S.K.: 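One structure, pasted below without further comment.
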Amino acid sequence: MTISHLLSARAARNVHVVRATRSAKLSAVVLAAAAAVLAALPFLAFSTVTDTLINLFVLIALASMWNLLAGFGGLVSVGQQAYIGIGAYSLVALADLGVQPYLAVPLAALTCAVFALPTSWLAFRLRGDYFAVGTWVIAEVYRLLVVRVDSLGGASGKSLSGLSGIDATLRGALTYWIALALALATIAGCYLLLRGRLGLSLMAVRDEETAAASAGIDVRRAKLLVYLVSAAGCGAAGGVITLSSLSVNPDSIFSVQWSAYMIFIVVIGGIGFIEGPLIGALIFFALQQLLADFGSWYLVLLGVVGIVAALRLPRGLCGLVPGPSLFPIGYLVRRSDGPA
């Protein structure tokens with residue numbers, strides 16, 4: 001064995017690979033504690049508070065799914081409302097068939113993944129701006145198809161059945177817990193999904209698709225998987241929206257405003273950061289509560305905030321913090337003979 005081999009072996013023994021930083025572990029503990037407090041909130045607060053927080057949880061879930069798709073996969077979509085609508089109408093249709101609406105939420109997510117499979121074949125034929133516009137057109141096509149189905153209420157929408165026998169207070173608490181579980185599941189799901197080889201593959205595809213393919217990455221498989229996961233998450237969020245409102249309307253549930261909300265939240269919080277959608281959703285939710293009484297000026301002020309953030313904070317608020325993300329998705333290599 002040569003001297004270079006001995007030195008290499010010694011250096012390898014001094015390398016320690018860790019899966020998380022102290023800040024990541026601390027963030028996980030804080031998030032778990034916050035989740036426990038939020039889970040107990042229906043016993044501690046009025047229903048008006050929990051009903052309001054349901055909207056926040058839905059926004060966190062939607063923004064996390066859009067960040068997974070665009071921030072890590074490079075697939076900038078303006079048509080994720082298609083799966084919000086499909087998930088909402090799937091919940092209504094399953095409830096009409098006798099499925100308990102709360103149990104139908106994961107089935108609605110699965111239905112969206114099934115619809116996303118053939119849709120991806122068409123959407124992935126487009127690139128860049130054409131992909132963004134194409135997803136918007138696809139969402140409009142799904143809306144027009146739903147409107148033509150009389151059993152789904154047509155243009156006037158349809159009420160959710162199957163909840164009449166449940167007490168209103170219990171119904172609100174169950175909806176709140178499902179919304180909270182969805183928000184936590186999307187954050188944890190994105191983190192776990194991106195911690196493996198898929199995360200590296202997605203970021204390679206995002207940065208340069210041709211180079212990723214030449215390196216042996218199955219580009220289409222990586223994009224398809226993240227597209228299906230994002231569709232399922234948006235579908236589950238659509239189901240929660242229907243549980244909260246007890247009805248669905250095609251114009252509102254398929255509105256492009258949902259995509260605008262997702263993009264705004266991720267741009268404010270930080271695109272390409274696991275915690276970006278969470279921070280952005282909190283800020284957007286606070287702005288909603290503070291500016292909702294200003295009428296049309298509310299939308300103007302939101303637009304101004306979004307423009308300023310896009311120009312001055314290209315990486316969002318998370319980009320202002322030096323150092324690694326609170327939830328790093330890569331592996332850290334440290335040497336035991338030196339500082340970490």
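On a predicted model such as this, the values are computed, not experimentally measured, just so you know.
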S.K.: Run Lys223 and Leu75 through side chain to side chain contact (heavy atoms under 4.5 Å, CB included) and show every step you take.
M.R.: CA-CA 8 Å; Lys223 290 167 61 176; Leu75 298 171; 3.7 Å; yes
S.K.: To the nearest 0.5 Å, tell me how far Gln288 CD sits from Leu56 CG.
M.R.: 9.5 Å
S.K.: What's the separation between atom OG in Ser64 and atom CD1 in Ile187, rounded to the nearest 0.5 Å?
M.R.: 5.0 Å
S.K.: Treating Ile, Leu, Val, Met, Phe, Trp and Tyr as nodes and any side-chain heavy-atom pair under 4.5 angstrom as an edge, say whether Val205 and Met203 lie in one connected cluster.
M.R.: no
S.K.: Which heavy-atom pair separates Pro118 from Val114 by the least distance, and what is that distance?
M.R.: CD-O, 3.0 Å
S.K.: I need the Leu182 CG to Leu184 CG distance, nearest 0.5 Å.
M.R.: 9.0 Å
S.K.: Could you state whether Leu170 and Tyr176 fall into the same hydrophobic cluster, counting links through intermediate Ile, Leu, Val, Met, Phe, Trp or Tyr residues with side-chain heavy atoms under 4.5 angstrom apart?
M.R.: yes
S.K.: Which heavy atom of Gly87 sits nearest a heavy atom of Ala108, and at what distance?
M.R.: O-CB, 3.5 Å
S.K.: Does one hydrophobic cluster hold both Val240 and Leu103, with members joined at side-chain heavy-atom distances below 4.5 Å?
M.R.: no
S.K.: At their closest point, which heavy atom of Ile279 faces which heavy atom of Cys318, and how far apart are they?
M.R.: CD1-SG, 3.7 Å
S.K.: Look up atom CD1 in Ile241 and atom CG in Leu246, then write down how far apart they are to the nearest 0.5 Å.
M.R.: 13.0 Å
S.K.: In the structure I gave you, are the side-chain heavy atoms of Phe273 and Val266 within less than 4.5 Å of one another anywhere?
M.R.: no
S.K.: Does Val229 belong to the same Ile/Leu/Val/Met/Phe/Trp/Tyr cluster as Ile84, with side-chain heavy atoms less than 4.5 Å apart forming each link?
M.R.: yes
S.K.: Return yes if a side-chain donor-acceptor contact under 3.5 Å exists between Thr175 and Tyr102, otherwise no.
M.R.: yes
S.K.: Do Val226 and Phe72 come within less than 4.5 Å of each other through their side chains, counting heavy atoms only?
M.R.: no
S.K.: Tell me, do Leu68 and Thr186 make a side-chain contact under 4.5 Å, heavy atoms counted?
M.R.: no
S.K.: Can you check side chain to side chain donor-acceptor pair (under 3.5 Å) on Thr119 and Tyr142, steps first, answer last?
M.R.: CA-CA 10 Å; Thr119 303; Tyr142 276 128; 2.6 Å; yes
S.K.: Is there a chain of hydrophobic side chains (I, L, V, M, F, W, Y, each step under 4.5 Å between heavy atoms) that links Leu317 to Val267?
M.R.: yes
S.K.: Minimum heavy-atom separation for Pro101 and Gly162, please, with both atom names.
M.R.: CD-O, 3.9 Å
S.K.: Tyr227 vs Phe124 aromatic rings, parallel, tilted or perpendicular, using cut-offs 30° and 60°?
M.R.: perpendicular
S.K.: With a 6.0 Å cut-off (strictly less than), is the heavy-atom count around CG of Asp129, excluding the residue itself, greater than 12?
M.R.: no
S.K.: Between Phe284 and Tyr261, is the ring-ring contact (aromatic ring centres under 6.0 Å, His included) condition met? List the steps.
M.R.: CA-CA 8 Å; Phe284 177 70; Tyr261 286 164; 5.0 Å; yes
S.K.: For the aromatic rings, using the six-membered ring if either is Trp, is the centroid distance between Trp177 and Phe43 under 6.0 Å?
M.R.: yes
S.K.: Between Ser259 and Gln80, does any side-chain donor sit less than 3.5 Å from a side-chain acceptor?
M.R.: no
S.K.: Write down the atom of Ala104, the atom of Val99, and the distance for their closest heavy-atom approach.
M.R.: CB-CG1, 3.9 Å
S.K.: Look up atom OG in Ser255 and atom CD in Glu140, then write down how far apart they are to the nearest 0.5 Å.
M.R.: 8.5 Å
S.K.: Measure across Leu41 and Leu53 and return the closest heavy-atom pair with its distance rounded to 0.1 Å.
M.R.: CD2-CD1, 3.2 Å
S.K.: Verify the distance criterion only: is there a donor paired with an acceptor across the side chains of Thr242 and Tyr89 at less than 3.5 Å?
M.R.: no
S.K.: Donor-acceptor check, side chain of Gln257 to backbone of Phe254, threshold 3.5 angstrom: yes or no?
M.R.: no
